[in-house]
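For reference, the structure is listed below as structure tokens.
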Amino acid sequence: MDEKKQHFVLVHGSCHGAWCWFKLAPLLRKAGHEVSVFDLKASGAMPDQVVSVADYSQPLLDLLDSIAADERVVLVGHSFGGFNIALAADKFPAKVSVAVFLAAFMPHPSIPPSHILHNYFFVEKGGVDSEQISTDGPSKPTIPITIQFDAGLMRSHFYNNCSPEDYTLATTLVRAGPFYRDDLSGHDFVSEANYGRTKRVYVVCKDDEKIKESFQRWMIEMSPVDEVVEIEGADHMAMLSKPHELCSHLLKIAESYD
């Protein structure tokens with residue numbers, strides 16, 4: 001019997017765009033599946049200015065709204081994209097077979113996302129570093145309002161296991177973006193009734209220098225998932241440094257949670 005065709009929806013992280021899936025998407029399509037990639041608002045080639053996570057997520061929400069009522073997708077969110085897929089799963093729970101968090105921030109229904117970000121910046125990292133831009137100024141210990149990635153830190157923290165070609169491409173395409181700090185401070189970002197019942201898998205990137213393995217596992221401990229998989233040698237940009245391994249994991253996940 002032929003393998004069922006799946007629909008993978010790939011959601012990029014902060015300051016990136018649909019372009020970062022250029023290695024993974026063809027592999028999933030070659031395996032016979034449908035793949036949707038797109039720029040979130042104010043990202044990639046999208047010139048928009050946005051003020052909320054919901055507005056930023058609108059292309060993703062529009063896509064899920066457009067699919068048939070009986071269709072279910074595999075949501076894959078990378079880095080900050082974890083917040084986007086959580087929001088989408090909360091709004092369209094019946095259309096999500098599984099939400100996959102790829103080295104991603106992962107919210108909990110009863111805890112504001114800002115709690116996760118505060119622990120990331122001020123407990124795990126010990127403060128906002130030089131890659132961030134905060135309109136509050138450097139002396140005030142707050143989560144950034146706007147974020148920008150320095151080229152040197154991109155190489156050492158994001159693309160540390162990627163090829164020189166992938167890193168060079170990224171330096172030409174990564175752009176500054178808002179961090180929606182105030183919008184992520186509420187306790188009602190996602191609900192237990194919808195997001196809380198969504199099947200979730202976390203993909204741990206073992207060589208991630210940006211969201212380190214210890215913090216990935218802290219989020220998993222705080223908000224347990226249905227399954228945890230690991231990719232050895234994967235930096236923060238696993239879709240570029242380990243695309244074949246990631247593809248293999250996603251195909252298995254899709255089959256398991258169909």
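In this chain, numbering begins with 1 at the start of the sequence shown.
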Of all the heavy-atom pairs spanning [X] and [Y], show the shortest one and how long it is.
X	Y	result
Gly17	Trp21	O-CD1, 4.4 Å
Ala88	Leu61	CA-CD2, 3.8 Å
Ala254	Phe8	CB-CZ, 3.6 Å
Lys95	Ile67	NZ-O, 3.0 Å
Thr198	Asp226	O-OD2, 4.1 Å
Gln216	Cys205	OE1-N, 3.1 Å

Practice task
Run the salt-bridge test on Glu213 and Arg217 with the 4.0 Å N-O cut-off and return the result as yes or no.
Solution key: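 Salt bridge flag = yes for Arg217 with Glu213.
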Could you tell me whether the side chain of [Y] reaches within less than 4.5 Å of the side chain of [X], counting heavy atoms only?
X	Y	value
Phe83	Ser57	no
Phe80	Tyr56	yes
Ser97	Lys199	no
Ser79	Ile211	yes
Ile147	Cys15	yes
Glu192	Ser110	no
Val98	Val73	no
Phe215	Ile116	yes

- Query: His236 and His78: aromatic ring centres closer than 6.0 Å?
  - Reply: yes
Looking only at atom types and distance, does a side-chain atom of [X] sit under 3.5 Å from a main-chain N or O of [Y], one as donor and one as acceptor?
X	Y	answer
Thr168	Pro164	yes
His33	Leu28	no
Ser248	Glu245	no
Asn119	His115	yes

I'd like to know if the side chain of [X] pairs up with that of [Y] as donor and acceptor (distance under 3.5 Å, no hydrogens or angles considered).
X	Y	answer
Arg200	Ser223	yes
Ser241	Asp235	yes
Glu227	Tyr202	no
Ser163	Asp166	yes

**Asked** side chain to side chain contact (heavy atoms under 4.5 Å, CB included) between Leu60 and Leu75: does it pass, once the steps are laid out?
**Response** CA-CA 10 Å; Leu60 169 60; Leu75 282 180; 4.0 Å; yes
Do other residues, nucleotides or ligands put more than 12 heavy atoms under 6.0 Å from [X] [atom1]?
X	atom1	result
Glu71	CD	yes
Lys206	NZ	yes
Lys91	NZ	no

Problem set entry | Pair Tyr257-Lys252, side chain to side chain contact (heavy atoms under 4.5 Å, CB included): steps then yes or no | CA-CA 9 Å; Tyr257 296 90; Lys252 291 175 184 176; over 6 Å; no
Next item on the list: Starting from the C-alpha separation in whole Å, work towards a yes-or-no answer on side chain to side chain contact (heavy atoms under 4.5 Å, CB included) for Val201 and Val225.
Entry: CA-CA 6 Å; Val201 175; Val225 295; 6.0 Å; no
- Task: Would you check, one step at a time, whether the test side-chain hydrogen bond (donor to acceptor under 3.5 Å, both in side chains) holds for Asp90 with Ser191?
- Result: CA-CA 7 Å; Asp90 195 60; Ser191 69; 2.7 Å; yes
With rounding to the nearest 0.5 Å, note down the distance linking [atom1] in [X] to [atom2] in [Y].
X	Y	atom1	atom2	answer
Ser156	Tyr167	OG	OH	8.5 Å
Gln6	Glu34	CD	CD	11.0 Å
Leu24	Lys242	CG	NZ	14.5 Å
Ser52	Gln58	OG	CD	8.5 Å
Ile231	Asn161	CD1	CG	12.0 Å
Ile111	Met222	CD1	CE	4.5 Å

With sequence neighbours left out, the residues meeting ring pair (Phe, Tyr, Trp, His ring centres under 6.0 Å) with His16 are Trp19
Can you check side chain to side chain contact (heavy atoms under 4.5 Å, CB included) on Leu117 and Leu184, steps first, answer last?
CA-CA 9 Å; Leu117 295 175; Leu184 295 171; 3.6 Å; yes
Open item on the list: For residues Leu169 and Leu27: do they belong to one hydrophobic cluster (side chain heavy atoms under 4.5 Å, members Ile, Leu, Val, Met, Phe, Trp, Tyr)?
Closed with: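 No; tracing contacts between hydrophobic side chains, which count when under 4.5 Å, never links both residues.
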Checklist entry - Can Leu102 be reached from Met219 by stepping across I, L, V, M, F, W or Y side chains whose heavy atoms are under 4.5 Å apart? => result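 Looking at the clustering, Leu102 is in the same group as Met219.
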